[in-house]
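Just so it is clear: chains get the letters A, B, ... in the order the sequence lines come, proteins before strands, and each one is counted from 1. If you're wondering where the values come from, they're calculated on a predicted model, not measured in any experiment.
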There are 2 protein chains.
Amino acid sequence: MVTIKDIAKIAGVSKATVSKALNNKSDISKKTKKKIKKIAEEMGYIPNSIAKCLVEKKTYTIGLVLPYLGNPTTIERIKGINDSLFNYGFALIICFSEKQNQQNYIKEMISRKVDGIILTPIMNNLKEVEILTNKKIPFVLMSENIDEGSFDFVGDDDFYGGKIATDYLIKIGHKKIAYFGIGGNIYSDNQIKKGYIETLNEYGIEKKYIMENNFDKQRLKENIKEVMKEKITAIICWSDIMAIDVINNLNDYGVKVPEEISIIGYDNIDFLSIFHIPLTTVSQPNYEIGKQAAILIVEKIKNPDLKPKKIIFKPELIIRKTTKEVNNV
Amino acid sequence: MVTIKDIAKIAGVSKATVSKALNNKSDISKKTKKKIKKIAEEMGYIPNSIAKCLVEKKTYTIGLVLPYLGNPTTIERIKGINDSLFNYGFALIICFSEKQNQQNYIKEMISRKVDGIILTPIMNNLKEVEILTNKKIPFVLMSENIDEGSFDFVGDDDFYGGKIATDYLIKIGHKKIAYFGIGGNIYSDNQIKKGYIETLNEYGIEKKYIMENNFDKQRLKENIKEVMKEKITAIICWSDIMAIDVINNLNDYGVKVPEEISIIGYDNIDFLSIFHIPLTTVSQPNYEIGKQAAILIVEKIKNPDLKPKKIIFKPELIIRKTTKEVNNV
DNA sequence: CTGAAAGCGCTAACAT
DNA sequence: ATGTTAGCGCTTTCAG
């Protein structure tokens, strides 16, 4: 491996001069700079940013810790982060945290001296970010927020998302509307649920049907059976993927969507809009969310004392073919 | 930030002892180890792996360089890599290379001293991997191979994929079959195309319809017009996403799938199987490909002189509803 | 303008 | 069993 020492030897100058020349410091003559750069180029020199980090105490690296639950929107956000991070000269180190304790993954990131962390917390819980606040490591939350405390956050307004979905269903005549969520205190789930409840209340609809499946397909099936007994006419789902599952299960029971039950998903996954019976869904700008999270963390690193900023996008209801007005006889 | 020096001071021992104790070296007494570990814990010590890297010349980091072209299969592979890498104690640093020169991204990875690189080359060209071979940095190619040279590679057998798709269409009566690819010397594109051509030749079908759109929606439309003029009855597409596009365009022209034209995609994206008119497609095990790529790069790092290994999965034809036999009157 | 020296936090070889 | 020393590759004072 060629180092500045090697270059220094060839160029007949000191290590310090090489370092300064390569970094375009002002106190090196143009001639020397040119000469040294040429030699570096010829020798195929690639700087060792590890050594640089050790001195500068900055790694120009952002850690991304998030769960991947098979939702294709994830990649859009990652791409958004990647693209804007690269503009700032930062690299991205990723780990998918699954459903376990995120603390270990966060510690790993800290050990690797990332300058900041973008985190999608699994638990709506201060504990998740405790180390980060203790160690004063800049971080921003993405997509999922935490109720207690006040943190930098980029995501969409899921409360509003829950509202517009419910509102629409009521407006087209539905009264027995269910919400299919996850359970277990997930921020977005809570928010959508709140929006759902509040909207029903506004219209004076007492009866709520709140189902939780905790990512368990079997429980989802049971949930469906339960609401079918109750003769509900519409379901709002926490995600598009869940919505698809619900539709399939309903089809298996011979229940037609949207004729008998209307379904609204959440995410607006591209590919789901294409086929027949395109999904009615709530849309959020995933790429943009990732992008803004990256911009915010870089800002935060440059200026750690900035007070928490929230960038919240309004989701949009995309009405397609899985919802239908109810004939109120 | 608390360092081993701080711990040493509190514990009343030397830095070396702390280092050894924390790393469970055998020449430290159990008592001291226990004491030091306790202090480290209490002080909230997190090791600085940057410093460690500088000494050990290993970062336990793998670089992943790949294009993201909106194909949701990408995330599956990333997840596969992530999961098995974590088992080995490696972290993953990702960058999406778009259509530009991948060399810069690779250099960035080298500068960051990754122990190895998993690369999906954009160009079927030795130049892409030149630095890596020069600098003797372990790498494995994933999904896309390079014709010249012989490299470690994990992916599926796209030649075979092209064959089974074509073979199936011929068996159900099609004779005028088109292949819709990308062009511009992409390995997988070439392979599928080869499989397509060879199979047609085997059946003595002279006429080939090879279209290239280079990811350009407009050119895709023109391609479709062209093959419609030729009255082809089936199209094999380079990807599921492209297949969807083709189907939509065909629908716009009032051409019915599969009644008038059969379509085969490539990728077997989950969500596309769910709706009515599920896509006939060629399936590849993306998660597994990522996983094996990770295992292979770690192997390669431990033993750089291993000769190139190829792990090639046989894709599978998934027959669904976008293909139909032809009535040969 | 250029160079010598110190040091980032850690490990490893060699003493003790 | 523990400590001393040197050094990884780089940047950064401070002198010259």
Enquirer: Between C:dG3 and A:T17, is there an OP1 or OP2 to side-chain N/O distance shorter than 4.0 Å?
Expert: yes
Enquirer: Separation of A:N24 atom CG from D:dT12 atom P, in whole Å?
Expert: 14 Å
Enquirer: With B:F151, which residues qualify under ring pair (Phe, Tyr, Trp, His ring centres under 6.0 Å), at least two apart?
Expert: B:F139
Enquirer: Under the side chain to side chain donor-acceptor pair (under 3.5 Å) rule, what do A:K291 and A:N286 come out as? Steps first, then yes or no, please.
Expert: CA-CA 9 Å; A:K291 196 172 151 186; A:N286 285 297; over 6 Å; no
Enquirer: Rounded to whole angstroms, how far apart are CD1 on A:I36 and P on D:dT11?
Expert: 12 Å
Enquirer: Walk along nucleotides 7-16 of chain C from 5' to 3' and tag each nucleotide B, S or - by protein heavy-atom contact under 4.0 Å, base first, then sugar-phosphate.
Expert: BBBBBBB---
Enquirer: The test is side chain to side chain donor-acceptor pair (under 3.5 Å); show your working for B:E144 and B:T120 and say whether it passes.
Expert: CA-CA 6 Å; B:E144 300 286 342; B:T120 299; over 6 Å; no
Enquirer: Could you walk me through whether A:T73 and A:D267 pass side chain to side chain donor-acceptor pair (under 3.5 Å), step by step?
Expert: CA-CA 7 Å; A:T73 59; A:D267 283 340; 4.5 Å; no
Enquirer: Taking B:N303 for the side chain and B:E299 for the main chain, is one N or O donor matched with an acceptor at less than 3.5 Å?
Expert: no
